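The figures here come from the full heavy-atom set of this structure, side chains too, leaving out hydrogens, waters and symmetry mates. Keep in mind that this is a model prediction, so the values were computed, not measured.
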Amino acid sequence: MDFRFDIIVEYFPFFMKGMGLTVLMSVIGVLMGCILGFFIALGKMSPVWIVRLPFVWYINFLRGTPLLVQLFLFHYAVLPTVIGETTPVISVIVTLSLNSSAYVAEIFRAGLQSIDKGQAEAAHSLGMNKFQVMRHVLLPQAFKRSIPPLGNEFIVLLKDSSLGAMIAAQEILYWGRAASGQYLRVWEPYLMVALLYLILTLGLTYLLNYIERRFDVK
């Protein structure tokens, strides 16, 4: 096989630039997803069905439709209507954040509901109010139990950010497609794209393993 290293050398700075943007969009997406997901989880756990209903359908829609379709909707329809003008990077971040929030909400909900109700009742009997029970008893345990699935969600989100190439966000896959289009070659650019994503996901996996050991997640 005729493998052209010169293509990789020429595009290496662009791949590094795309790698940085991929990490940036993924980190912001997962952070925003965690913040939104927490409040959506609380909304879905509401005992009042009329309050719970919009959160249930929010999760259903974002989990039940393809991420690429959501990206097209937000980039070409929703964001231009709401803010007037958008960029591919903003559209990717918004889409990843909202999509991630639906999955994170279910992770937080499962974590909170996995804690024995007796602990909350015992805390109430000691004089704690609902906020104190949530702050000091439920949240620390729920967060600890949510670390492994949150890590998986981050890895999935990192790889899903490659869909940004479909709307010309200049992340890793965008530059792989550019190199492939310029030289009409497949092996070199897409092997480089695969290698970079592998480096990112492996690095993230080892980081998450360290965090799990640090918090003694069992």
Side-chain angles (χ1 to χ4, degrees), residues 1-37 62 65-104 150-211:
M1 183 177 67
D2 176 26
F3 195 90
R4 291 185 55 183
F5 284 99
D6 61 299
I7 296 176
I8 294 176
V9 172
E10 179 184 343
Y11 270 85
F12 189 76
F14 299 109
F15 281 126
M16 292 299 101
K17 178 182 174 184
M19 196 174 180
L21 184 59
T22 294
V23 173
L24 176 66
M25 293 190 301
S26 302
V27 169
I28 296 177
V30 79
L31 287 177
M32 293 300 297
C34 285
I35 295 171
L36 291 172
L62 289 170
T65 55
L67 181 57
L68 182 59
V69 174
Q70 296 168 22
L71 181 60
F72 286 157
L73 279 174
F74 281 109
H75 184 61
Y76 294 113
V78 177
L79 290 178
T81 302
V82 175
I83 63 177
E85 186 176 354
T86 185
T87 66
V89 174
I90 292 175
S91 297
V92 172
I93 290 174
V94 170
T95 306
L96 291 180
S97 299
L98 296 178
N99 182 271
S100 178
S101 69
Y103 289 92
V104 171
L150 281 176
N152 291 333
E153 170 61 19
F154 194 2
I155 291 174
V156 170
L157 199 72
L158 184 72
K159 293 186 289 185
D160 284 345
S161 67
S162 62
L163 293 176
M166 299 299 106
I167 58 171
Q170 297 181 353
E171 44 70 67
I172 298 173
L173 183 59
Y174 172 89
W175 292 111
R177 285 161 56 92
S180 179
Q182 180 178 348
Y183 291 99
L184 300 179
R185 305 279 294 188
V186 175
W187 279 104
E188 296 86 352
Y190 289 116
L191 277 178
M192 188 64 183
V193 169
L195 177 63
L196 292 179
Y197 274 108
L198 184 62
I199 291 171
L200 289 176
T201 53
L202 283 179
L204 186 56
T205 299
Y206 285 117
L207 175 62
L208 291 169
N209 289 339
Y210 169 77
I211 293 175

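Defined by atom type and a distance below 3.5 Å, a donor-acceptor pair is present between the side-chain atoms of Gln70 and Thr65. Defined by atom type and a distance below 3.5 Å, a donor-acceptor pair is missing between the side-chain atoms of Ser161 and Thr22.
A donor-acceptor pair is defined here as one N or O able to donate and one able to accept, closer than 3.5 Å; such a pair exists between the side chain of Ser180 and the backbone of Arg185. Listed for the Ser100 side chain is no donor-acceptor partner under 3.5 Å among the backbone atoms of Ser97. Listed for the Glu153 side chain is no donor-acceptor partner under 3.5 Å among the backbone atoms of Val104.
Between Leu208 and Gly151, the shortest heavy-atom contact is CD1-CA, 3.3 Å. Contact detail for His75 and Ser91: the closest heavy-atom pair is ND1-OG, 2.7 Å. Closest of all the heavy-atom pairs between Ala102 and Leu62 is CB-CB, 3.7 Å. Shortest non-hydrogen contact noted between Val193 and Gly176 is CG2-CA, 3.7 Å. Closest approach of Tyr11 and Tyr183 over heavy atoms only: CE1-CE1, 4.0 Å. Closest non-hydrogen pair, Leu157 versus Val30, comes out as CD2-N, 3.5 Å.
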* **Audit row: Tyr190, Leu173, side-chain contact (heavy atoms from CB on, under 4.5 Å) steps and yes/no** => CA-CA 8 Å; Tyr190 289 116; Leu173 183 59; 3.8 Å; yes

* Verdict with supporting geometry, Met192 and Trp175, side-chain contact (heavy atoms from CB on, under 4.5 Å) -> CA-CA 10 Å; Met192 188 64 183; Trp175 292 111; over 6 Å; no

* **Derivation and outcome, side-chain contact (heavy atoms from CB on, under 4.5 Å), residues Ile199 and Met19** => CA-CA 10 Å; Ile199 291 171; Met19 196 174 180; 4.2 Å; yes

* Might you work through the side-chain contact (heavy atoms from CB on, under 4.5 Å) test for Ile172 and Leu200, ending with a clear yes or no? => CA-CA 11 Å; Ile172 298 173; Leu200 289 176; 3.9 Å; yes

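The line from OH of Tyr103 to CG of Leu150 is 14.5 Å long, rounded to the nearest 0.5 Å. Taken to the nearest 0.5 Å, the CD1 atom of Ile155 stands 8.5 Å off from the CG atom of Leu202. Taken from CG in Leu204 to CG in Asn209, the straight-line distance is 9.5 Å, to the nearest 0.5 Å. Note that CG of Leu196 and CG of Leu191 are 11.0 Å apart. Values are rounded to the nearest 0.5 Å. Distance check: Leu67 CG to Phe72 CZ gives 10.5 Å after rounding to the nearest 0.5 Å. Put simply, CG on Asp160 and CG on Leu68 are 10.5 Å apart, with the number rounded to the nearest 0.5 Å.
Contact check for Met32 versus Ser101: no side-chain heavy atoms found under the 4.5 Å cut-off. Counting heavy atoms from C-beta on, the side chains of Glu188 and Asp6 never come closer than 4.5 Å. Contact of the Ile8 side chain with the Phe3 side chain is registered, since non-hydrogen atoms from C-beta on lie closer than 4.5 Å.
Heavy-atom contacts from other residues, nucleotides or ligands closer than 6.0 Å to OH of Tyr76 number more than 12.
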